Protein chains: 2
Amino acid sequence: MFTDNKESIGRWISLLHRYGNVYINEQLKEYSLGAGQYQFLAILYQNEGLSQDEIACLLKMDKGTTARAIAKLEKEGYVVRKVFNVDKRIKKLYLTEKAHAFESKLTSILLSWINIITKDLSVNDQEYALRLLKKISLNAEDYLDKMK
Amino acid sequence: MFTDNKESIGRWISLLHRYGNVYINEQLKEYSLGAGQYQFLAILYQNEGLSQDEIACLLKMDKGTTARAIAKLEKEGYVVRKVFNVDKRIKKLYLTEKAHAFESKLTSILLSWINIITKDLSVNDQEYALRLLKKISLNAEDYLDKMK
DNA sequence: ATACATTAGTTGCTTATGCAACTAATATTA
DNA sequence: TAATATTAGTTGCATAAGCAACTAATGTAT
């Protein structure tokens, strides 16, 4: 049956991505953020002071997409861009008070979605799923990086 | 470390979705199709004669998105829309010769991506990954369906 | 030092997608 | 049967994202 074919991996990924975005969008609406920004904010909580280019590389995101996501975060008051005087091409990114105050909320939103979609998986299966996802993501990265 | 946190499941899903789309887009370019259409075509290979609404439900896709994807498939000559005379609101979808001639090609494109991303997984792990993905997708569906 | 190359970031264009408002057809109910 | 509700499909609008062309700053090579 189609839904059990190997080819349907792509369908599950697509569905999870779309549904995840719907959920995140709804949760973030009251904070004037959307699914297109949270990854950038999350990575800044881990590494304040990154440049846009570094973030784009870490997230494997287009630099144009990154520029616009950061612009939105700045516009909404979560991030400040500071030109790096040692190399004036670079803009380093810093979190505002508003962003720091929001960190635990973002974490709980992200975890709540994970809990929804893994609710009936054993801890073992959750860890296994995470490992497999990471592995196939790395394969995808490797492949497309080589193409460029 | 951030990249090993539970929260990063969303990042892997996002990355797989984006990179998968880049790959599929590149492969489909010469056929005048994109990542936004292949799922609709794939499901029609399994069930010719479905209506747009049925497809939208099966793929858990918005009906507007479905309308536009089918319009593109029709414009490019892969699909024909026929008003269902028993209920003139419904348009049933049929594949053209061009679509039939393309089926094996599409299958091989989709499989080649799966093979790229699962290249170092054992058959066991591949099946396990598929089962887990399906399970968490169903959880996502259940949750958002209940919200509406 | 001047010319060329690379890098960081921005912006225009395109596609994919969800949501909401709309139309037309059919179904239900008073 | 006439009025209302539901359903299938379309379309406008907004967001997310990649690609490519561009600018400004820095680096390299002659």
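All figures in this text were calculated on a predicted structure; none of them were measured in a lab.
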query = Heavy atoms under 4.0 Å, any strand shown: does A/S51 hit a base, just sugar-phosphate, or nothing?
reply = sugar-phosphate
query = What integer distance in Å separates A/L93:CG from C/dA8:P?
reply = 13 Å
B/R81, nearest nucleotide to its side chain (from D/dA16, C/dG18, D/dT10) = D/dT10
query = Using links of under 4.5 Å between side-chain heavy atoms of ILVMFWY residues, direct or through other members, which residues join B/V86 in one cluster?
reply = B/F84, B/I90
inquiry  = Without decimals, in angstroms, what is the distance between B/D53 CG and D/dT7 C1'?
reply    = 7 Å
message = If I take atom OH in residue A/Y19 and atom C1' in nucleotide C/dG18, what distance separates them, rounded to the nearest angstrom?
response = 11 Å
note = Protein-proximity profile, nucleotides 20-29 of chain D, B/S/- by nucleotide at the 4.0 Å heavy-atom cutoff, equals -----BS---
ask   = Any side-chain heavy atom of A/E127 within less than 4.5 Å of one from A/V123?
value = yes
query = Are B/Y23 and A/Y143 near enough that their ring centres are under 6.0 Å apart?
reply = yes
query = What integer distance in Å separates A/I90:CD1 from C/dT6:P?
reply = 18 Å
key: Short side-chain N/O contact to C/dT10 OP1/OP2 from A/Q52, under 4.0 Å   = yes
task = Would you mind classifying the nucleic acid contact of B/E54 as base, sugar-phosphate or nothing, using non-hydrogen atoms under 4.0 angstrom?
result = nothing
query = Taking only N and O in the side chain of B/Q37, is any of them less than 4.0 Å away from OP1 or OP2 of C/dT15?
reply = no
query = Within this structure, what is the CG-to-C1' distance between A/L28 and D/dA14, rounded to whole angstrom?
reply = 16 Å
inquiry  = Could you tell me how far apart B/I24 (CD1) and D/dG18 (P) are, to the nearest whole angstrom?
reply    = 15 Å
task = Have a look at B/A56 and say if it touches a base, only the backbone sugar-phosphate, or nothing, with a 4.0 Å heavy-atom cut-off.
result = nothing
task = Nearest whole angstrom, please: distance from the C1' of D/dG18 to the CD of A/Q39.
result = 15 Å
request  = Output yes when at least one side-chain N/O atom of A/R18 is less than 4.0 Å from OP1 or OP2 of C/dA16, else no.
outcome  = no
task = Only counting residues at least two apart or in another chain, list the ones meeting salt bridge (charged side-chain N to carboxylate O under 4.0 Å, His left out) with B/E26.
result = none
query = Among the nucleotides D/dA8, C/dT17, D/dT11, which one has an atom lying closest to any side-chain atom of B/A67?
reply = D/dT11
Separation of D/dA8 P from B/L50 CG (nearest whole Å) = 13 Å
task = Identify, with sequence neighbours excluded, every residue that meets side chain to side chain contact (heavy atoms under 4.5 Å, CB included) alongside B/N25.
result = B/N21, B/A35
request  = Check every strand shown and say whether B/A35 touches a base, only sugar-phosphate, or nothing at a heavy-atom separation below 4.0 Å.
outcome  = sugar-phosphate
Could you pull out every donor-acceptor pair under 3.5 Å between side chains of residues 100-108 of chain A and any protein atom, sequence neighbours left out?
unit_1 : atom_1 : unit_2 : atom_2 : d
A/T107 : OG1    : A/E103 : O      : 3.1
A/S108 : OG     : A/K105 : O      : 3.1

ask   = With sequence neighbours left out, which residue pairs that include part of residues 28-37 of chain B fulfil the side chain to side chain donor-acceptor pair (under 3.5 Å) condition?
value = none
